[in-house]
Amino acid sequence: MPLIPIAVAVGLFEFILTRIAPAPNEVSWITTLFTTLPPEIRTLLGSDVALSSGGFLALGYTHPFFIALQVVWVVRTSSAAVADEVGRGTMDLLATRPVARWHFIAAGMTALGLGLGVILAAGLAGTAVGLFLRPLDVHVSAFLPVAGAAWLLFAAWGAVGLAIGASRRTGGQAISWTTAILAASFVLDYIARLWAPVARLRPLSLFRYYEPQAILAFGLSRAALLTLGGTILAGVLAGLLVLYRRDL
Amino acid sequence: MTPAIVTAALGKRYGPVTAVEGLDLRVEPGEVFGFLGPNGAGKTTTIRILLGLLQPSSGSAEVLGRPVGTAGTAVRSAIGYLPGELSLWPDFTGLRTLTFLEALTRQVAVDRDVLLERLGLRTSELRRPVRTYSDGMKQKLGLVQALQCRPRLVFLDEPTKGLDPLVQRAFYDIIRDTRAHGATVFFSSHVLPEVERVCDRVAILRAGRLVAAGTIEDVMQSQRRRVRATFTSPVDTSSAERFGKLIVRSDRSIELLVARGDVPAVVRHLSSWPLEDVIIEPLSLEDAFLEHYR
């Protein structure tokens, strides 16, 4: 899926949320509605949804639609860097040029990071335009750390995808493995939030380190920064190690 | 002078399968070297090791004086490559493919226009996406990308696949000109007449091992001789079979494959019969090739 349609879809989605977000004088109504929801749903949405307009808008940065669009970009781009070229046979023409193997990882990570930047900038632009047309009790700048955290989260998944793609023989294999691991991580985070017996496993999921409502309130935690940044570094290093040792 | 390619006991295994074993090759600068063998003999594996796409399991290899593998990245700007199974980017136009690969090679495509003209690829065709190309057009584009930057060493894996006879002739002329510029051509092919036509030396690979190497004449000379004899009257030629491999026998003619050293004895034996004619000739390259696979 091309970058521009994804960015436009994210921008529109964040814009639409500003249209339906509760105004400060409507928060009490939303709070009443919130208390009628099952506790599992309340846990998933986060309590800040009902407490402020900003909390509601933060939902737009963790909504499955928002995540799915980022995942499409991340999985597609990370698999294209190595596995897709190997699978199609075009790697023969690339890797026999004076191009060191680390260039493939660097190019993949650069495309991934820039693309995520464009998508998240479009999301922020959607929020900014929406808040300009319908001022609420939050400024768009409050969402900059959220967008930064989203960039870190999906760049971390991209680095994992690059490492997987560096070891696979086709783009399809890379996409399948990356998607499966990413989905398992998402499900683990989801279940761990709802079911106490597995709650202690939640730190194993990268999604644990991305909580927009908490970031809005307290900023990005050091643990999240280190974990997501460390995953990016580890993914890139693993990709390089695999790519330098493998046959193409 | 530094050889263009040198390998020592080069080997490649895929688990229990041996693709190449104990390969010792030396290709001098400026020669056209034919690399022969049936499917699965290890030709493409060898080429891919020399290009750094595969890691050897044993032995060593140098290309243009540098060890193969990731350490040889810098020397690749002087190398051209046409893969046996050519894959191109379907959404790129022909021209974009060539300019993209030129940029990656970090050399100016000094010979592109000449090659396009000689292989008959028109400007209008280069503006079309590659997905609209026929197999022959893709192969021509593959040849141009391999040779456009005037490489010092070019690997061509089954280069005439899909080319019509006219374009094949143009290709043979291009190879001659490439050699005239001092480049080395490493040429893998199944088409033995074309190997005889363009190659200075050949190597024959069988099940991953080198079974013959040298000039085409050397390879043919080292093989058995074909001895054909006809007689003016019927004779019992069965006694001649002990000298070599019988190909054809009747009471008026016989054809044998005979070891070089046995030729005088065969001639003496045949001359005891009413000989009409005798022809002794070396095997063709094709016969020599087939001899290794019988």
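Treat the numbers as computed from the prediction; the structure is a model and nothing was measured. As a basis for the values below, the full set of heavy atoms in this structure was taken, side chains included, without hydrogen atoms, waters or symmetry mates. Numbered from 1 within each chain, the chains take letters A, B, ... in sequence-line order.
Looking at B/F155 and A/T96, their side chains never come closer than 4.5 Å, going by heavy atoms from C-beta outward. For the pair A/L93/B/L86, a side-chain contact is recorded, criterion being any heavy-atom separation below 4.5 Å from C-beta on.
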Q: Test B/Y81 against A/R97 for side-chain contact (heavy atoms from CB on, under 4.5 Å), laying out the working first.
A: CA-CA 9 Å; B/Y81 174 45; A/R97 258 69 191 182; 5.7 Å; no
Q. Is there a side-chain contact (heavy atoms from CB on, under 4.5 Å) between B/R76 and A/V99 once you walk through the steps?
A. CA-CA 8 Å; B/R76 291 193 204 130; A/V99 179; 6.0 Å; no
Q: Could you give me the CA-CA distance, side-chain angles and deciding distance for B/W89 and A/E85, then say whether side-chain contact (heavy atoms from CB on, under 4.5 Å) is met?
A: CA-CA 9 Å; B/W89 296 272; A/E85 299 285 359; 3.2 Å; yes
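Side-chain atoms of B/R48 come within 3.5 Å of backbone N or O of A/L248 as a donor-acceptor pair.
When the shell of 6.0 Å around CZ of A/R222 is examined, it contains 12 or fewer heavy atoms from other residues, nucleotides or ligands. Atom CZ of B/R152 has 12 or fewer neighbouring heavy atoms from other residues, nucleotides or ligands inside a 6.0 Å radius. Environment of CG in B/D164: crowded, with over 12 heavy atoms of neighbouring residues, nucleotides or ligands closer than 6.0 Å. By the 6.0 Å contact criterion, CZ on A/R245 is open, its count of non-hydrogen atoms from other residues, nucleotides or ligands being 12 or less. Counted within 6.0 Å of CZ on A/R208, heavy atoms from surrounding residues, nucleotides or ligands total more than 12; the atom is thus considered enclosed. The number of heavy-atom neighbours closer than 6.0 Å to CZ of B/R127, taken from other residues, nucleotides and ligands shown, is 12 or below.
The choice from A/G89, A/A100, A/P98 that makes the most heavy-atom pairs within less than 4.5 Å of chain B is A/P98.
Across all their heavy atoms, A/R88 and B/P90 have their closest contact at NH1-CD, 4.2 Å. Contact detail for A/T90 and B/S87: the closest heavy-atom pair is CG2-O, 3.5 Å.
Residue B/Y14 touches chain A through its side chain alone, counting heavy-atom pairs closer than 4.5 Å.
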